[in-house]
Amino acid sequence: MGNGVKEASVGLKEEDVKPILPVNGEDDKRKVLNSLLSGALAGALAKTAVAPLDRTKIIFQVSSKRFSAKEAFKLIYFTYLNEGFFSLWRGNSATMVRVIPYAAIQFSAHEEYKMMLGRYYGFEGNALPPWPRLVAGALAGMTAASITYPLDLVRARMAVTPKEMYSNIFHVFIRMSREEGLKTLYRGFMPTIIGVIPYAGLSFFTYETLKKLHHEHSGRSQPYPFERMIFGACAGLIGQSASYPLDVVRRRMQTAGVKGQTYDSILCTLQDIVREEGVIQGLYKGLSMNWLKGPIAVGISFTTFDLMQILLRKLDDAGGNRS
């Protein structure tokens, strides 16, 4: 991400910091593979850490219950009492099936889009200016969301249904396809794509901008891990707040089949939610939960990606030196 991801290091010497330069052949493949591996691990750690909060948020999003922090933690507590500790992670296996390829594709695509835009604007090897930085993040999010969307829908279904309804991920796919049709696998796709533009764009933009400002004002070439966490938390807070109403719409459309509801379009869904529950209590229901889990998840995600890139690059360099 920006110079920070490719250059990021904890305790690196100045000569260890390398700019992003176009490479070919094996080096190029290795960089892509490193980005994919780093992104996959970043997404898996981040989502697992906040899975109970994420499941609780989804349950409120798809219901007409009034949200409050007290009610949210009461739900978590009673879920734990009635279904056991690990039930708080119900649907997390589906989340991992989705988030690992999603995060891998998103981070790797972001690196590729940065290089493409860098070449186009003449900023190759340096941090992109603001607009291309925003565009690179938005394109990366759209690419990942388009490829992995059915897995996101499956995860939402598993999060809001009792475990007796769907025994596993494949069972969700089979029942949905048989009972609701194959097109159901992309129900809610448009609000997802529309929502991911500000979410991914602003998240990547904020994180990279903060790292750039840190470099300019601190005199240090690289931020410490806790600083990366703070930058990632700010990125998550801004990105998720900007796109949250569309996230609510997406969840309603994804789970309509198991809730006995019908939502034909984004506009109709928005109108129904506002009419029945109001703007704040409807479209922003659970946002305070996102302000808790979002910064944690995004902070872990960006920090893990950065540090994994450093580790893999050092391993590559060590292997190259031995050969």
Side-chain angles (χ1 to χ4, degrees), residues 37-63 65 67-106 144-145 148-176 188 192 199 229 232-233 236 240 244 247-248 250-252 254-255 257-259 285-305 308:
L37 290 173
S38 300
L41 181 62
L45 288 178
K47 280 296 185 181
T48 300
V50 298
L53 297 176
D54 208 23
R55 181 175 186 256
T56 302
K57 181 202 73 172
I58 293 173
I59 291 171
F60 275 98
Q61 282 183 329
V62 301
S63 73
K65 282 184 180 179
F67 177 85
S68 69
K70 181 180 178 181
E71 289 299 315
F73 285 104
K74 189 186 292 184
L75 175 61
I76 291 173
Y77 179 66
F78 282 113
T79 301
Y80 161 70
L81 287 181
N82 297 328
E83 301 179 39
F85 178 73
F86 289 107
S87 68
L88 297 174
W89 275 265
R90 172 163 168 73
N92 195 52
S93 58
T95 300
M96 290 300 101
V97 171
R98 169 196 171 258
V99 83
I100 288 174
Y102 179 91
I105 292 167
Q106 180 175 239
T148 63
Y149 183 76
L151 296 170
D152 184 47
L153 187 145
V154 167
R155 171 248 187 164
R157 286 289 182 98
M158 290 189 74
V160 301
T161 54
K163 57 186 177 183
E164 296 80 17
M165 186 166 183
Y166 298 119
S167 56
N168 54 52
I169 297 167
F170 299 106
H171 189 205
V172 183
F173 275 114
I174 293 168
R175 279 195 61 175
M176 284 176 59
T192 298
Y199 172 65
M229 285 289 293
Q240 293 192 353
Y244 195 79
D247 189 45
V248 174
R250 170 174 61 121
R251 294 302 182 201
R252 292 294 179 94
Q254 286 177 336
T255 58
V258 294
K259 291 289 183 178
K285 178 187 292 183
L287 178 59
S288 57
M289 179 71 79
N290 248 34
W291 284 343
L292 175 61
K293 80 171 191 65
I296 295 171
V298 179
I300 292 172
S301 181
F302 280 136
T303 303
T304 302
F305 180 82
M308 273 296 295

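Partners of Trp291 by ring pair (Phe, Tyr, Trp, His ring centres under 6.0 Å), not counting sequence neighbours: none found. Every salt bridge (charged side-chain N to carboxylate O under 4.0 Å, His left out) that Arg251 has, sequence neighbours left out, goes to Asp152.
For the atom pair CG of Leu151 and CZ of Phe173, the computed distance is 5.0 Å after rounding to the nearest 0.5 Å. Separation of atoms OG1 (Thr192) and CG (Asp247) is listed at 8.0 Å; rounding is to 0.5 Å. Taking CD1 from Ile76 and OG1 from Thr56, the interatomic distance works out to 3.5 Å, rounded to the nearest 0.5 Å. With values rounded to the nearest 0.5 angstrom, Arg98 atom CZ is found 10.5 Å from Leu153 atom CG.
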| request: Please lay out, stage by stage, how Tyr77 and Leu88 fare under the test side-chain contact (heavy atoms from CB on, under 4.5 Å). | output: CA-CA 9 Å; Tyr77 179 66; Leu88 297 174; over 6 Å; no
| task | Please assess Thr48 against Trp89 for the test side-chain contact (heavy atoms from CB on, under 4.5 Å), listing each intermediate value before the final yes or no. | result | CA-CA 8 Å; Thr48 300; Trp89 275 265; 4.1 Å; yes
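Under the 4.5 Å side-chain criterion, counting only non-hydrogen atoms from C-beta, Ile300 is in contact with Ile296. The side-chain heavy atoms of Val154 and Phe170, taken from C-beta on, include no pair separated by under 4.5 Å. Two residues are said to be in side-chain contact when any heavy atoms from C-beta on lie closer than 4.5 Å; Thr148 and Val97 fail this criterion.
A pairwise comparison of heavy atoms in Ser38 and Met308 identifies OG-CB, 3.4 Å as the closest pair. Closest non-hydrogen pair, Ala42 versus Thr304, comes out as CA-CG2, 3.7 Å. When all heavy atoms of Val298 and Gly232 are compared, the pair lying nearest together is CG1-O, 3.2 Å. Of all non-hydrogen atoms in Gln240 and Gly294, the two that sit nearest each other are OE1-CA, 3.3 Å. Scanning both residues, Ala103 and Gly39, for their nearest heavy atoms gives CB-O, 3.1 Å.
No donor-acceptor distance shorter than 3.5 angstrom exists from the side chain of Ser301 to the backbone of Ala297, with no hydrogens or angles considered. Side chain of Tyr199 to main chain of Tyr244: no donor-acceptor pair is present (N/O by atom type, distance under 3.5 Å, no hydrogens or angles).
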